[in-house]
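One structure follows; several queries about it will come next.
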Amino acid sequence: MAPAERFDLIVIGSGPGGYVAAVRAAQLGMRVACIEKRARLGGVCLNVGCIPSKALLDSSEYYHLVREHFAEHGIRTGQVELDLATMMARKQRVVEELTDSVRQLLEGHKIRIVHGTARLAAPGRVTVPPNGSGDREADYQADNILLATGSMPVEVPGLAFDGRRIVTSTEALSFSSVPRRLGIVGGGSIGLELGSVWQRLGSRVTVIEMLPKIAAGLDGQVGRTLDRILRSQGLDIQVNTRVVSAEVRPRSVRVTTERDGQRQTTTFDRLLVSVGRRPNTTQLGIEKLGIRTEGDGGPVVVDEKYRTSVPSIYAIGDLIAGPMLAHKASAEAVAAVECMAGRTGEVNYDAIPSVIYTWPEVASVGLTEEEVRQREIPACIGTFPFSGTGRARCMGEREGFVKLISHARSDRILGVHIIGPRAADMIAECVLAMEFGASSEDIARSVHGHPTFAEALQEAALTAQKCSIYTS
Ligand code: FAD
């Protein structure tokens, strides 16, 4: 075996956790290697997650707008046709441009990129087996190792993924034709986003959710509104419903579900199973080193500095506890590397935004109304509908609202929940406000441009203050 290459830090995984950590470490003067088993850098997020799903959401939204909404704006079109192959090729181009940018970013910071499946051999030592071309196993050593291997889809017993009829989100981002009937098991963000894509492109979509509601983590009022709007768009949402069995046939899959003791069998062309993701520790060798996880196959346990139970080995992102979100992984990446370098790195988990990119979008940060009640926190709640803003009217959007929750005594903002156009971008102001410990009065007295969607946030804050100009 050739002598091991030495680094200050080896990062395993190049997703939004891994590549951000590698760059931050290089900025702080460390000699860094980043090991990635995929052909392209960027992890799930860039290759088969956030980016391709948003590219398809945008493309399918244009298709929907042309067909359903252009006429009301006085724009007549001829017959509109879907060219799915071009739509998919465009999505792939976006992915490739962005993953190439990550490569350039790492190269620009003189980070050694290694392609292969990394395995922990010992604290400070990683091996990468030969990739099939007869190479010898490569050996790398470092003072510190950062695990950023992300997550993988959870498989449901009886619904084994076959990549054709019963699929994960990865295949559902690349169907070569529009499924006539698409079943989706799991009404979380991934299921609802991909359900929206294929419904807009012509599929009859059924969402099967075991819980009494979709997107269960949302503020209740927002969740109910989302459910109503998605149903009005044509999604068949079946809550309190569990899949009993699935029978794969050559061209379809027959799914039997049960609700209130009643069984029903439906035939789908494809079944997307999106019931959640689990930390990816496969082939990593953490057991051998005694790295602790929460239960069998659960998140890797870390301390406040992101150190695992082996102090020179750190972990971040989907691999550890907390919301499985790209920006959370990147924030932890910076914090972990800064801790490693003896600086103070930390993440404020009370102010992590989350977004569902349906139309309308849903974005939230902080506590929901239910959480505030459960914790018996005295709160003021201000809501304001987008239909009350000029900008939304110009756009033809009447659905949705902003809901702002502040502490009844201190007025400090505890949470903001938005369902409506451009919610994903509007939530940034709320995150900043919460980071600065702002009050609802701070937002209410900040001048917001007119006409903008953000005026609804200001009005919600004014409503919490009981001095809204537009509501009585
Ligand atoms: P990952 O991005 O999963 O990267 C881990 C990398 O490690 C992978 O590239 C993997 O190949 C590599 N790896 C694993 N094991 C090894 C090994 N042994 N050796 C070498 N390499 C290894 N989040 C959002 O914030 N917004 C969204 O809109 C959003 N949309 C999503 C849509 C879909 C369809 C999916 C599936 C996810 C979405 N997510 C979204 C979640 C987001 O993608 C993840 O939270 C994020 O990618 C986690 O980043 P990470 O760096 O922890 O891991």
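Every value quoted in this text rests on a predicted model; they were computed, and no experiment measured them. One-based numbering, in listed order, for ligands and for the atoms of each.
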* Worked verdict on R119 versus I286 for side-chain contact (heavy atoms from CB on, under 4.5 Å) -> CA-CA 8 Å; R119 196 173 168 78; I286 59 165; over 6 Å; no
* Taking the side chain as C-beta and beyond, is there a heavy-atom pair between V222 and F401 under 4.5 Å? -> yes
* **Those protein residues which place at least one heavy atom below 4.0 Å from ligand 1** => I12, G13, S14, G15, P16, G17, G18, I35, E36, K37, R38, G43, V44, C45, V48, G49, C50, S53, K54, G116, T117, A118, A148, T149, G150, S151, S169, I190, R277, N280, L284, G317, D318, M324, L325, A326, H327, A329, Y357
* **Electrostatic pair K54:D58 at N-O distance under 4.0 angstrom** => no
* Asked: Does R270 make a cation-pi contact with F175, if we ask for NZ or CZ under 6.0 Å from the ring centre and within 45° of the axis?
  -> yes
* Between R31 and F7, is NZ or CZ placed under 6.0 angstrom from the six-membered ring centre and within 45° of the ring axis? -> yes
* To do: Fit a plane to each ring of F386 and F453, take the angle between them on a 0 to 90° scale, and name the class: parallel (under 30°), tilted (30 to 60°) or perpendicular (over 60°).
  => perpendicular
